[in-house]
Amino acid sequence: MSRVFLSGSIRGGRRLVETYRLMADVMLSAGVEVLSEHVARETVFDDERGMSEQEIFMKDVGGIHQCDCLVAEVSVHSIGVGYEICYAVGLEKPVLCVYERDSNISAMVLGNKGVVVQSYTDPDELRQIVQGFVGSVESGGHVSKKVENTG
């Protein structure tokens, strides 16, 4: 069973929490362990209440070390998500960054050849992208570096 670290904005804004839930559900239904499933919960702030900033950092970094790949939703700008992506790339983990088509995405994500970047227009397309990436990582296959820059 593969282990995936799901990265999505928490303090930068929770507008896409339903999208994070969809992504987690897609991975869980494929038999993948989602190490950071809390990102997809409405209760994430309650879940982290009582934890220090350092404890949150250590938990997330530990999850990235344990994962087989990282899947990030990057439509909502978040320093934490960017940090997690960079950390995973530094560990040479496969990284998928997805975003809503027509979003204003950082050149630091779009220009990074160490990550797979794909836009989506609807939940079905997002589901296919996530399933394809996770399936490729799980099978040990080549992960496409498809980049769609709408800018």
Side-chain angles (χ1 to χ4, degrees), residues 1-48 59-89 91-151:
M1 173 193 316
S2 288
R3 294 172 297 180
V4 177
F5 190 92
L6 174 62
S7 183
S9 176
I10 295 177
R11 294 185 184 179
R14 300 295 289 158
R15 175 177 72 82
L16 294 178
V17 69
E18 289 181 29
T19 300
Y20 309 151
R21 180 78 256 150
L22 169 72
M23 294 168 68
D25 288 346
V26 165
M27 292 183 274
L28 290 168
S29 68
V32 171
E33 182 181 358
V34 180
L35 299 175
S36 54
E37 192 178 349
H38 67 284
V39 169
R41 290 190 202 120
E42 294 278 353
T43 60
V44 68
F45 293 111
D46 294 332
D47 297 345
E48 292 183 344
K59 181 180 76 145
D60 289 351
V61 165
I64 296 169
H65 274 278
Q66 293 174 18
C67 75
D68 297 306
C69 65
L70 182 139
V71 175
E73 208 307 339
V74 297
S75 300
V76 176
H77 294 215
S78 167
I79 293 169
V81 172
Y83 187 96
E84 291 167 349
I85 292 166
C86 186
Y87 198 86
V89 168
L91 293 174
E92 298 183 357
K93 306 275 183 170
V95 174
L96 169 67
C97 295
V98 295
Y99 65 95
E100 297 171 312
R101 187 157 298 157
D102 298 327
S103 294
N104 185 16
I105 304 304
S106 171
M108 294 302 290
V109 171
L110 292 173
N112 188 333
K113 294 183 188 290
V115 301
V116 177
V117 182
Q118 289 189 261
S119 66
Y120 63 92
T121 56
D122 59 57
D124 288 331
E125 187 176 15
L126 176 59
R127 184 178 290 107
Q128 290 174 355
I129 292 167
V130 171
Q131 285 173 337
F133 179 82
V134 171
S136 179
V137 169
E138 195 159 41
S139 69
H142 173 71
V143 178
S144 168
K145 298 290 184 194
K146 181 177 181 182
V147 175
E148 295 181 16
N149 185 345
T150 61

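One-based numbering along the sequence shown.
Rounded to the nearest 0.5 angstrom, Ser9 OG and Leu16 CG are separated by 8.0 Å. One finds the CD atom of Gln118 at 4.5 Å from the CD1 atom of Ile129 (value rounded to the nearest 0.5 Å). The distance from atom CD of Glu48 to atom CZ of Arg11, rounded to the nearest 0.5 Å, is 6.5 Å.
Here the options are Val137, Val26, Val4, Val130, the test is side chain to side chain contact (heavy atoms under 4.5 Å, CB included), and the partner is Val32; only Val4 passes.
When all heavy atoms of Gly13 and Tyr20 are compared, the closest pair comes out as O-OH, 4.4 Å. Nearest heavy atoms, Leu6 versus Ala24: CD2-CB, 4.0 Å. The shortest non-hydrogen separation linking Tyr99 to Val74 is CB-CG2, 3.9 Å. Taking each heavy atom of Cys97 and Ile85 in turn, the nearest pair found is SG-CD1, 3.6 Å. Heavy atoms only, all atoms of each residue included: Val117 and Val109 are closest at CG2-O, 3.6 Å. Across all non-hydrogen atoms, the minimal contact from Ser136 to Ser139 is O-OG, 3.2 Å.
A 6.0 Å sphere centred on CG of Asn104 holds no more than 12 heavy atoms belonging to other residues, nucleotides or ligands. Glu18 CD: 12 or fewer foreign heavy atoms inside a 6.0 Å radius.
A distance-only check finds a donor-acceptor pair linking the side chain of Ser106 to the backbone of Met108 [under 3.5 Å]. Side-chain atoms of Thr43 never come within 3.5 Å of backbone atoms of Asp46 as a donor-acceptor pair (strictly under, hydrogens ignored). Judged by distance alone, with hydrogens and angles left aside, the side-chain atoms of Glu125 form no donor-acceptor pair with the main-chain N or O of Tyr120 at under 3.5 Å. A donor-acceptor contact shorter than 3.5 Å links the side chain of Ser75 to the backbone of Glu100. Between the side chain of Ser78 and the backbone N or O of Val81, at least one donor-acceptor pair lies under 3.5 Å.
The closest side-chain donor-acceptor pair between Glu84 and Ser7 falls under 3.5 angstrom.
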Stepwise side chain to side chain contact (heavy atoms under 4.5 Å, CB included) check, Arg21 with Glu37: CA-CA 8 Å; Arg21 180 78 256 150; Glu37 192 178 349; 2.9 Å; yes
For the pair Val134 and Met23, evaluate side chain to side chain contact (heavy atoms under 4.5 Å, CB included) and give the outcome as yes or no after the intermediate values. CA-CA 11 Å; Val134 171; Met23 294 168 68; over 6 Å; no
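A search for salt bridge (charged side-chain N to carboxylate O under 4.0 Å, His left out) contacts involving Asp124 returns Arg127, not counting sequence neighbours. Under the salt bridge (charged side-chain N to carboxylate O under 4.0 Å, His left out) criterion, Arg14 pairs with no residue at all, not counting sequence neighbours.
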Can you give each donor-acceptor pair under 3.5 Å made by side-chain atoms of residues 62-72, sequence neighbours left out, with the distance rounded to 0.1 Å?
{"unit_1": "His65", "atom_1": "NE2", "unit_2": "Tyr87", "atom_2": "OH", "d": "2.8"}
{"unit_1": "Asp68", "atom_1": "OD2", "unit_2": "Arg3", "atom_2": "N", "d": "2.7"}

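A 4.5 Å side-chain heavy-atom check between Val39 and Glu73 finds every atom pair outside the cut-off.
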